[in-house]
**Student:** 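Could you have a look at this structure, given as C-alpha cells, before my questions?
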There are 2 protein chains.
Amino acid sequence: MQRKVPQSNLYLREEELRRGIELLYFAYRDFTRDPDAILAQSGFGRAHHRVLYFVGRNPGTTVSGLLSLLRITKQSLSRVLGQLVDEDYIIQKTGAEDRRQRLLYLTDKGLTFEKQLFDTQRNRVADAYKRAGPEAVAGFWEVLLNIVDEDERAAVLSQIEK
Amino acid sequence: MQRKVPQSNLYLREEELRRGIELLYFAYRDFTRDPDAILAQSGFGRAHHRVLYFVGRNPGTTVSGLLSLLRITKQSLSRVLGQLVDEDYIIQKTGAEDRRQRLLYLTDKGLTFEKQLFDTQRNRVADAYKRAGPEAVAGFWEVLLNIVDEDERAAVLSQIEK
DNA sequence: CTATTGTGTCAACAAAGCTGCCATAAATAT
DNA sequence: ATATTTATGGCAGCTTTGTTGACACAATAG
C-alpha cells in the first residue's frame, strides 16, 4: 500500500480534513470492537473497560483522579466502579495520609481480565504500527496529541509518558 | 514541541502501544466535545451527528447504506433518522429504480446545521494538522487506516476517497 | 470551630445501543 | 397469475452509560 502524502499545504483543504475526521471515526469504531465483545460476555460494558484500564495503569489512584482523567460524572463512575468492586476486580484501600480517599487497585482477577482486554487492542495497534512503520507512528502520535484540547495536553502527556 | 520518533522497532514495545491506545482514547474524547455541545442545545446527540454527517457526505444514500457504514442496528438508526426527518433536517425520496428504497438527503436546514457541526471539528483537525505538519498527517492517516478491521479497509477507503 | 474536600448514595432522566416481531414492496418461482 | 421469498424499514421494549441535583458523612485545612 503506497502512503498518501499531502502536497504543500493542500493537506489543509476540506477533503483532507474530512479524511482525518472519517478515519478517526472508523478507526475508533473498530478499535473498541474486540474488547466490547469480551466485556459483553461478563456483563460489562466499555465504561468498565476504561476503569479497569486506567486503574491498572495508575495503581493507587483515587476516585477523583479517575474522574478528571475520564471526564465523566461521579455517578456514572461510581455505578461502574461499584460493580467492579463487588465482583472483585478492583479493591479499595483507605488512604494512609488522607483517610477519606479510597485508593484503587486491580485484584489478581482484575489484572488477568484487564490483560485479556488489553491484548486484543495491543495486537490491533501493533499490527497497524508494523504496517505503517515508525515514521508514520510518530506522525500518528503527533496529530492525535494536537487533537486533544490544548489545556488538556499537559495532563495527557504526563499520563502517556508515565 | 519536538516530535517523539520511535527508534528501530522499539516502537512495538508495550510502552509505545499503550501510548497509541491512550492517545486514541483522549483524542476521541475531545474530538467529540465541541459538536456534542452544539447538538445538546438542539436536543440531539452524537448519533444524530453521524447520520447528518454521512448523509451530507453521501447524498441519496439508503438506510441500509448508512447501516453498513455506521455498523449499528436498524432500530438504533431509525429512531435517530426519524427525528431528523420529523424536524426537517433530512428528506426521504422514494428510489426511482427500486421503489422500496428511501433515498436520503439533507434539507437546507440540515445542510446549515451540519456545516455548523463540521466547522468545529474542521477547526480542531486543521489546527492539529498545522502543528504537526504534512508528514505527520500522512502517518496519522496510515496508522488509522490500519487500525480499521482488515476486511473493512476497502469500504473505508472508498468512503474517504470519494 | 467552621469551611472545604473526598467520597458515597438516592432518585429521576436521557441518549443510543440492542433483540424480536411485524408490515410492505419488489423480485422470483411455480 | 398466484404464491413465496427477499429486501427494506418500522414499532415496542430492554440495557448501558451518560447526565443533574440533593444530601450525608468523615476527615482535613484554615
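Not measured: the values here are computed from a predicted model. Order of the sequence lines sets the chain letters (A, B, ...), proteins ahead of strands, with each chain counted from 1. Basis for what follows: all heavy atoms, side chains included, without hydrogens, waters or symmetry-related copies.
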**Student:** Within the pair A:S64 and C:dT7, is there a side-chain N or O less than 4.0 Å away from OP1 or OP2?
**Tutor:**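 Indeed, a polar side-chain atom of A:S64 lies that close.
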
**Student:** In whole angstrom, what separates A:L70's CG from D:dT17's C1'?
**Tutor:** 13 Å

**Student:** For DNA chain D, find the residues of residues 42-63 of chain A with a heavy-atom distance under 4.0 Å and give them by number; none if there aren't any.
**Tutor:**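 Contacting residues: A:G45, A:R46, A:A47, A:H48, A:R50.
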
**Student:** Tell me whether B:R122 is salt-bridged to A:E14, with the criterion being a basic N under 4.0 Å from an acidic carboxylate O.
**Tutor:** yes

**Student:** Crowded around B:K115 NZ? As in, over 12 foreign heavy atoms under 6.0 Å?
**Tutor:**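 Counting neighbours around NZ of B:K115, 12 or fewer heavy atoms of other residues, nucleotides or ligands fall under 6.0 Å, so no.
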
**Student:** Strictly by modelled atom types, are A:Y53 and B:E22 linked by a side-chain donor-acceptor pair under 3.5 Å?
**Tutor:**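 Short answer, yes.
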
**Student:** Within this structure, what is the CG-to-P distance between A:L67 and D:dG18, rounded to whole angstrom?
**Tutor:** 11 Å

**Student:** With a cut-off of less than 4.0 Å, is there a side-chain N or O of A:Q92 near OP1 or OP2 of C:dG8?
**Tutor:** yes

**Student:** Salt-bridge test for B:R33 and B:D30: reply yes if a basic N is under 4.0 Å from a carboxylate O, no otherwise.
**Tutor:**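 Salt bridge flag = yes for B:D30 with B:R33.
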
**Student:** So if I take every side-chain heavy atom of A:I72 and compare against C:dT9, D:dG18, D:dG10, which nucleotide ends up nearest?
**Tutor:** D:dG18

**Student:** Rounded to whole Å, how long is the line connecting atom CG of A:L66 with atom P of D:dG18?
**Tutor:** 12 Å

**Student:** Considering just the side-chain nitrogens and oxygens of A:R102, establish if one lies under 4.0 Å of OP1 or OP2 belonging to C:dG8.
**Tutor:** yes

**Student:** Quick check on DNA chain C: between A:Q101 and B:R71, whose nearest nucleotide comes earlier from the 5' end?
**Tutor:**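 Upstream on the strand: A:Q101.
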
**Student:** Using heavy atoms to find the nearest nucleotide of DNA chain D for A:R99 and A:K74 separately, return the residue whose nucleotide is more 5′.
**Tutor:** A:K74

**Student:** Given C:dC18, is OP1 or OP2 found less than 4.0 Å from the side-chain N or O atoms of B:T73?
**Tutor:**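 Indeed, a polar side-chain atom of B:T73 lies that close.
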
**Student:** Whole-Å distance between C:dA14 C1' and B:D36 CG?
**Tutor:** 14 Å

**Student:** It should be established whether A:S76 places a side-chain nitrogen or oxygen under 4.0 Å from OP1 or OP2 of nucleotide D:dT17.
**Tutor:**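 Answer is no, no contact under 4.0 Å.
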
**Student:** Aromatic ring centroids of A:Y89 and A:F44 under 6.0 Å?
**Tutor:**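 Centroid distance A:Y89-A:F44: below 6.0 Å, so yes.
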
**Student:** Round to the nearest Å and state the distance from A:R33 atom CZ to C:dG17 atom P.
**Tutor:** 13 Å

**Student:** With a 4.5 Å cut-off on side-chain heavy atoms, are A:Q116 and A:T112 touching?
**Tutor:**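 No, too far: nothing below the 4.5 Å cut-off.
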
**Student:** Expressed as a whole number of angstroms, how long is the span from B:L77:CG to C:dC18:P?
**Tutor:** 11 Å

**Student:** Looking at B:E16, is its backbone amide N or carbonyl O close enough to the side chain of A:Y129 to form a donor-acceptor pair, meaning the two atoms are under 3.5 Å apart?
**Tutor:**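 Indeed, once roles are kept as given, a pair shorter than 3.5 Å links the two residues.
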
**Student:** Is there a residue in residues 82-91 of chain B whose heavy atoms reach under 4.0 Å of DNA chain D, and which residues are they?
**Tutor:**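 When residues 82-91 of chain B is checked for heavy atoms under 4.0 Å from DNA chain D, there are no hits whatsoever.
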
**Student:** In whole Å, what is the span from the CD atom of A:Q75 to the P atom of D:dT17?
**Tutor:**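 Rounded to whole Å, this separation is 14 Å.
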
**Student:** Do the non-hydrogen side-chain atoms of A:L70 and A:F54 ever get within less than 4.5 Å of each other?
**Tutor:**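 Result yes, sub-4.5 Å side-chain heavy-atom pair found.
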
**Student:** Counting side-chain heavy atoms from CB outward, which of C:dC18, C:dT7, D:dG10 is closest to B:R79?
**Tutor:**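 When the side chain of B:R79 is considered, C:dC18 is the closest of C:dC18, C:dT7, D:dG10.
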
**Student:** Could you give the CZ-to-P distance, from A:R100 to D:dA27, as a whole number of Å?
**Tutor:** 9 Å

**Student:** Between the main-chain N or O of A:L145 and the side-chain N or O of B:R131, is there a donor-acceptor pair closer than 3.5 Å?
**Tutor:** no

**Student:** Say whether, by atom type as modelled, one donor and one acceptor occur between the side chain of B:T94 and the main chain of B:R102 under 3.5 angstrom.
**Tutor:** no

